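We name chains A, B, ... by the order of the sequence lines, and we start the count at 1 in each one. This is a predicted model, so every value here is computed, not measured.
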Number of protein chains: 2
Amino acid sequence: MAKADIHAVAKAAGVSISTVSRTFTRPELVSAKTRAKVLEVADRLDFNISRSATALKSGQTYRVALLMNEEITSWFNTQTFAGIESVMHPAGYDISLFQHIDTPETRHKFFTDLPIRRNVDAVFVASFAIDPHEAEQLQRIHVPIVGINTPPSDGLDATVCIDDEKGMATATQYLINLGHRRIVYTCSEAAAMGASIDARTQGFINACRDAESKHDIDWKVLPVARGPEFADSALAALLTLDEFPDAICCQMDMMAIPLVLKLGRYGHITPRDYSIVGFDDSPYADTINLTTMRQNPYDMGRRAALKALKLINGDALDTPHETVEAQLVPRGTAAPFDQEVPFTPAA
Amino acid sequence: MAKADIHAVAKAAGVSISTVSRTFTRPELVSAKTRAKVLEVADRLDFNISRSATALKSGQTYRVALLMNEEITSWFNTQTFAGIESVMHPAGYDISLFQHIDTPETRHKFFTDLPIRRNVDAVFVASFAIDPHEAEQLQRIHVPIVGINTPPSDGLDATVCIDDEKGMATATQYLINLGHRRIVYTCSEAAAMGASIDARTQGFINACRDAESKHDIDWKVLPVARGPEFADSALAALLTLDEFPDAICCQMDMMAIPLVLKLGRYGHITPRDYSIVGFDDSPYADTINLTTMRQNPYDMGRRAALKALKLINGDALDTPHETVEAQLVPRGTAAPFDQEVPFTPAA
DNA sequence: TTGAAAGCGTTACCAC
DNA sequence: GTGGTAACGCTTTCAA
């Protein structure tokens, strides 16, 4: 049985192709009887409207691009993807994924060489900076660009961002309020392209500087090389400090969780010996009872997608740029700290 | 600047649309000089070949469907997706994702109602059984179906499956060889649709039965309700047994990891007090030093995608059905067990 | 309520 | 090496 096209269905149902088309796209314009007949025939012939033809005719592609740094397999990227998908799929759009757009070269390649221009209805950019000139290329051909956790940057039609800087400042403030004074911030070295996550470092620094007017804070930023071993690198860096800190601020849970688990093997037990807070509230954070800053990339993906849909539809946005805040989730790895009373020899 | 189509480019470059088309699809047929001219104009006009038109003309859709049970956010599904993507994206295909195809209803909806028939070039089915009749619907219109970790079932053009049953039997055998005799298998209740993962239970049972001829094995299957709380349910079930087991076999790492972490809080320390093995080698398994069975869904996705590409291309497969085996990864949570010597009062 | 026909932007065959 | 032209399968005005 060869594939049936709209003509075959029309013929078999004794109607014109116009009627077949309407039966699927605007059924209310077709009489109930005709509609039933057409549907019955279509079902029998395994017929369905061709999306390619519809797309060509309509000028839309029913496809959006999602650009991300690194792999989709990271927690943040997966959640973001799933959030976008949850809105775009029901709306009839597929997501064309472009991973590892994390160097100026790959990014440039995307914006110029790849057959994207005119071939997606919108572009999502997750977690990295974009060049205003590149944004302009898309705008010239009326392709909306929406950013998710993008650094402040020109040329995006809409953005949904978490306030990384403020979030990390909150986490740091929390540790200071608990009485911690010797605090280390562990993080991966900053990415080449201004990933939004690097703003967290500044949040930590700000909070420490602010507190210095009131307390004697001993703080330190401990960057380690990016890569699969970053948690072990941080572990090593911590264990080779002159003095082990009484609190650790982690750039992300994926750093904090291994640290909690492995520091225990070296005799550093949280919250008994030190406090630690993460950032993300990603898988297993609750299992190990990690105090952390929660963000919800799934929801950010949803919001971004809703904006994209409006933009595709030509509607204006009431709030093109949204900022959401990370929430402190107090759990068991951060506890009040009794400041050591320096030993005073008998007077 | 209005969107330029192929005619605009042809005109501006002083050539015919045929030449413009060839410049992009078969550049070797166009003289270097003409080609350069066309490309220059195309770039200036932001022109690119329309995928929709190409798709319509070619009869292909450059789109494949991926059906999965549950959410893409699970480790297995994300890895599978990423593996398929790593092959299909460079080949010019987008993935249209259908999640939660895990009840007969949603599955039926997919195969009949949704505008899929004739709108994808191939279908991937991950981790659940499919009805031969439904498979036949696709085959009738020449859409290849490729299964990943699908239970043995008719009608799939190709499959890449892990041997779940054998894998879990291996894990169980390992525990028995270590000297464990009181073994519990923790798992989620079987899915309605015959998820491939349920075969693992049988592997456990087989290994125990086999060993009974040689040893006095006290084994038990402990199913708990599916859902987000399944790990805690398993924990509760374990803690309320008459006697705590000396070994635990887990259906998956996502069950094993919380168990290792939380059982410790109740005084059951591995490997001191009991052994435990997981299945998957998913994130943090290495961090907590979990002995587990490794599978590689990313690679299975890749293999499945390679097969799909061949099938789309009309080529026959040398090995349509592949089975891979899970590898035992011995780490720190399973250790030799000294069988308790029953206490004998002084004679 | 239905049908006829134009056209969406390509590709590929056939001339030249 | 290049150009003209007929499809590909649909949507949508316009008429009936």
- request: Measure from CD1 on B:Ile6 to C1' on D:dT2 and round the result to the nearest Å.
  value: 14 Å
query: Do NZ/NE/NH1/NH2 and the carboxylate oxygens of B:Asp318 and B:Lys310 come within less than 4.0 Å?
result: yes
statement: Walking DNA chain D from its 5' end, the first of B:Leu29 and A:Thr25 to be reached, judged by nearest nucleotide, is B:Leu29
task: Check every atom of C:dT2, D:dG9, C:dT10 against the side chain of A:Arg22 and return the nucleotide holding the closest atom.
output: C:dT2
message: By the 4.0 Å heavy-atom rule, please label B:Ser21 as base, sugar-phosphate, or nothing.
response: base
message: What contact category does A:Val15 fall into here, base, sugar-phosphate, or nothing, at under 4.0 angstrom with non-hydrogen atoms?
response: sugar-phosphate
Short side-chain N/O contact to C:dT10 OP1/OP2 from B:Ser50, under 4.0 Å: no
Length of the NZ-P vector between A:Lys11 and C:dG3, whole Å: 15 Å
message: Does B:Ser58 reach a base, just sugar-phosphate, or nothing at all? Heavy atoms under 4.0 Å.
response: nothing
message: What I want to find out is whether A:Lys109 reaches A:Glu105 closely enough, with some N-O distance under 4.0 Å, to be called a salt bridge.
response: no
query: How long is the gap from CG on B:Leu67 to CD1 on B:Ile130, to the nearest 0.5 Å?
result: 7.5 Å
- request: Return no unless some side-chain N or O of B:Ser31 is found under 4.0 Å from OP1 or OP2 of D:dT2.
  value: yes
task: Find the distance A:Arg51:CZ to D:dC10:P and express it as a whole number of Å.
output: 14 Å
- prompt: Taking NZ from B:Lys33 and P from D:dG1, how many angstroms apart are they, rounded to a whole number?
  reply: 13 Å
- request: Report yes or no: do B:His100 and B:Glu71 form a side-chain donor-acceptor pair below 3.5 Å?
  value: yes
field: Relative orientation of the end axes in the helix from C:dT1-D:dA16 to C:dC16-D:dG1, expressed as an angle to the nearest 10° (five pairs per end)
entry: 30°
query: Just checking B:Ser18: base, sugar-phosphate only, or nothing, at a heavy-atom cut-off of under 4.0 Å?
result: base
query: With a non-hydrogen cut-off below 4.0 angstrom, is A:Ser52 in contact with a base, only sugar-phosphate, or nothing?
result: nothing
- request: Please work out if B:Thr19 contacts a base, only the sugar-phosphate, or nothing of the nucleic acid, heavy-atom cut-off 4.0 Å.
  value: sugar-phosphate
- line: note: B:Leu56, atom CG; C:dA12, atom P; distance rounded to Å ~ 13 Å
- prompt: A:Asp46 has an atom CG; how far is it from atom P of D:dG9, in whole Å?
  reply: 16 Å
- request: List the steps, then state whether side-chain hydrogen bond (donor to acceptor under 3.5 Å, both in side chains) holds for A:Asn149 with A:Ser127.
  value: CA-CA 5 Å; A:Asn149 262 16; A:Ser127 298; 4.9 Å; no
Atom-pair distance (CG on A:Asn119; C1' on C:dT10), nearest Å: 12 Å
task: Round to the nearest Å and state the distance from A:Asp5 atom CG to D:dC8 atom C1'.
output: 10 Å
task: Classify the ring geometry between A:Tyr93 and A:Tyr62 as parallel (under 30°), tilted (30 to 60°) or perpendicular (over 60°).
output: tilted
- request: From the options D:dC10, C:dT2, D:dT12, select the nucleotide whose nearest atom is closest to the side chain of A:Val30.
  value: C:dT2
- prompt: Without hydrogens or angle criteria, can the side chains of A:Asn119 and A:Thr61 be said to hold a donor-acceptor pair below 3.5 Å?
  reply: no
query: Should the ring pair B:Phe110 and B:Phe98 be called parallel, tilted or perpendicular, given that the plane angle runs from 0 to 90° and is split at 30 and 60?
result: perpendicular
query: Between the base of D:dA7 and the side chain of B:Lys57, is there a donor-acceptor distance below 3.5 Å?
result: yes
task: Scan A:His7 against the nucleic acid and name what it touches under 4.0 Å (heavy atoms): base, sugar-phosphate only, or nothing.
output: nothing
